[in-house]
Amino acid sequence: MKNLRPVGVIGTGKYVPERILNNAELEKMVDTNDEWIVSRTGIRERHIAAPEQATSDLAYEAAIKALDSAGLKAEELDLIVVATITPDTTFPSTACILQERLGAKKAAAFDLGAACSGFVYSLAAATGFIQNGMYNNALVIGADTLSRITDYTDRNTCVLFGDGAGAVVIGEVPEGRGFQSFDLGAEGTGGELLKLPAGGSRLPSSPETLAAKQHFIYMSGREVFKFAVRVMGTATEEVLRKAEMTKEDIDLFIPHQANIRIIQSAMQRLDLSEDRVMINVQKYANTSAASIPLALVEAVEEGRVKEGDRVVMVGFGGGLTWGGTALIW
Ligand code: ACO
């Protein structure tokens with residue numbers, strides 16, 4: 001991305017719903033236990049949206065904080081991209097609902113669906129718009145309400161997910177800073193391993209799809225695990241290569257927060273000690289598109305990201321997809 005207009009993060013905000021669902025409560029709901037969940041996933045609790053909260057509500061809360069921290073008014077926004085697989089409605093898009101609520105009158109708005117990789121995909125798309133001069137700024141949000149598509153009678157999946165939103169405002173930054181590289185990828189051959197079977201044009205909602213529980217996440221956990229371990233390593237290496245960085249250059253690694261064991265395998269492959277890795281999966285579980293921005297914003301809040309730091313973010317998810325980026329803060 002040499003000789004292009006430098007684009008980076010100029011504001012951050014996050015939101016998680018108040019309600020916390022911990023492992024002890026899950027023990028009462030399905031045949032599971034805290035020891036299994038913690039040892040296999042690292043997760044201790046997750047936040048769950050209130051019945052009246054939809055994805056745009058979570059996104060809105062994160063968005064106003066990000067705009068505030070960027071010192072930007074909603075009316076000044078050029079573009080809103082919401083990465084989500086749990087939009088309020090198929091259409092209008094969650095980004096359009098948000099545009100109206102924020103009063104971002106001149107902003108173009110669209111949703112982007114790349115599951116847990118969605119935030120990094122959205123960053124890449126929005127950065128391109130700014131680099132080519134079409135826009136000057138963008139609000140990029142990862143927001144998901146996975147609790148709405150989770151079967152709380154299925155112990156294989158219900159312990160893994162939570163709800164939340166993380167937002168950034170991106171815009172021009174000083175030379176030598178901002179996004180240095182992106183690596184996006186897809187392996188459609190693995191699409192069947194992680195999916196929401198019904199509710200689309202292939203299998204519209206019907207009494208049969210409801211009875212067959214086809215409106216809940218289906219996941220082949222072991223296969224997705226293997227894919228995740230592989231691409232976390234390869235995508236990170238690719239992002240570093242394109243940014244002309246080495247693994248030693250990484251000041252903070254922000255992986256998708258799905259499972260502590262996947263994060264640990266990446267740490268091993270990249271020789272990263274814990275002080276160079278952001279981990280909050282224990283508090284929020286897997287929040288899909290919100291996972292990476294929630295971790296990024298929390299790292300900023302904790303003072304773990306300083307000016308000039310080299311930050312690498314890498315995610316993977318349904319599609320199957322992956323996305324990584326290296327930036328200089
Ligand atoms: N409590 C107790 N036992 C359980 C639970 C539970 N909550 N869930 C599964 N088990 C049992 C299984 O039934 C199985 O029993 P069996 O051997 O008698 O059949 C046993 O535990 C072991 O199951 P495994 O699948 O081998 O467990 P594994 O160590 O692979 O961990 C897990 C499962 C946590 C799902 C792991 O495979 C994983 O994290 N996969 C990746 C998931 C992921 O990262 N998804 C990201 C994308 S999500 C998105 O895009 C929306």
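Counting convention: from 1, in listed order, for ligands and their atoms alike. Residue numbers count from 1 along this sequence.
- Scanning the protein for heavy atoms near atom 39 (O) of ligand 1, the closest one is N259 ND2, 2.7 Å.
- Using a 4.5 Å heavy-atom cutoff, the side chains of I328 and Q180 are in contact.
- Protein heavy atom at the shortest distance from atom 45 (N) of ligand 1 is M219 SD, 3.4 Å.
- Counting only heavy atoms of the protein, atom 13 (O) of ligand 1 lies nearest to R155 NH2, 3.1 Å.
- Residue R261 approaches ligand 1 through these ligand atoms, each under 4.0 Å from one of its heavy atoms: 28 (P), 29 (O), 31 (O).
- Of all protein heavy atoms, the one lying nearest to atom 43 (C) of ligand 1 is V224 CG1, 3.8 Å.
- With hydrogens and angles disregarded, a donor-acceptor distance shorter than 3.5 Å links the side chain of D163 to the backbone of L146.
- Using a 4.0 Å cut-off between heavy atoms, T41 contacts ligand 1 through its side chain alone, with no backbone atom that close.
- Checked against a 3.5 angstrom limit, the closest N/O atoms of T32 and ligand 1 fall inside it.
- Using a distance-only test at 3.5 Å, with no hydrogens or angles considered, a donor-acceptor pair links the side chain of T55 to the main chain of T86.
- Residue-ligand proximity, G318 to ligand 1, at heavy-atom distances under 4.0 Å covers atoms 50 (O).
- With S56 as reference, D88 is the one residue of T94, T145, T89, D88 to meet the side chain to side chain donor-acceptor pair (under 3.5 Å) rule.
- Hydrophobic clustering keeps L203 apart from Y218 (ILVMFWY residues linked when any side-chain heavy atoms are closer than 4.5 Å, directly or through intermediates).
- Between R304 and D275 there is no salt bridge, since no side-chain N of the basic residue sits under 4.0 Å from a carboxylate O of the acidic one.
- For Q257 (side chain) and N280 (main-chain N/O), a donor-acceptor pair under 3.5 Å exists by modelled atom type.
- A donor-acceptor contact shorter than 3.5 Å links the side chain of N137 to the backbone of E76.
- Distances from atom 32 (C) of ligand 1 to the protein include no heavy-atom value under 4.0 Å.
- The residue among K226, R222, E223 with a heavy atom at the shortest distance from atom 23 (O) of ligand 1 is R222.
- In this structure, of W36, F227, F316, the residue bringing a heavy atom nearest to atom 2 (C) of ligand 1 is W36.
- Scanning the protein for heavy atoms near atom 9 (C) of ligand 1, the closest one is N156 OD1, 3.1 Å.
- Every atom of ligand 1 with a heavy atom of A115 under 4.0 Å away is listed here by number and element: 50 (O).
- Neither the backbone nor the side chain of I217 comes within 4.0 Å of ligand 1, counting heavy atoms alone.
- Across N259 and R40, no two heavy atoms sit closer than the pair ND2-O, 2.9 Å.
- The side chain to side chain contact (heavy atoms under 4.5 Å, CB included) test with L327 is passed by exactly one of V305, V311, D309: V311.
- M232 places none of its side-chain heavy atoms less than 4.5 Å from the side chain of W322.
- Closest to atom 36 (C) of ligand 1, if we only count protein heavy atoms, is F225 CD1, 3.9 Å.
- Near I262, meaning under 4.0 Å from one of its heavy atoms, ligand 1 places the atoms 44 (O).
- Judged by the shortest distance from any of its heavy atoms, T157 lies outside the 4.0 Å radius around the atoms of ligand 1.
- In the model, T84 has no side-chain atom that pairs as donor or acceptor with a side-chain atom of D111 under 3.5 Å.
- Heavy atoms of V159 approach ligand 1 to within less than 4.0 angstrom.
- One option in G118, S288, A258, G221 has a heavy atom closer to atom 37 (O) of ligand 1 than any other, and that option is G221.
- For ligand 1, the atoms sitting less than 4.0 Å from at least one non-hydrogen atom of N286 are 46 (C), 47 (C), 48 (S), numbered in the order shown with element in parentheses.
- Ring geometry, F227 versus F316: the interplanar angle exceeds 60°, so the pair is classed perpendicular (tilted spans 30 to 60°).
- Atom 16 (P) of ligand 1 is never approached by the protein to below 4.0 angstrom, counting heavy atoms only.
- When G317, S291, C116, G315 are checked for heavy-atom proximity to atom 49 (C) of ligand 1, C116 turns out nearest.
- Of all protein heavy atoms, the one lying nearest to atom 27 (O) of ligand 1 is R40 NH1, 3.1 Å.
- Residues G118 and L112 approach most closely at O-CD2, 4.0 Å, considering heavy atoms.
- Counting only heavy atoms of the protein, atom 47 (C) of ligand 1 lies nearest to L194 CD2, 3.4 Å.
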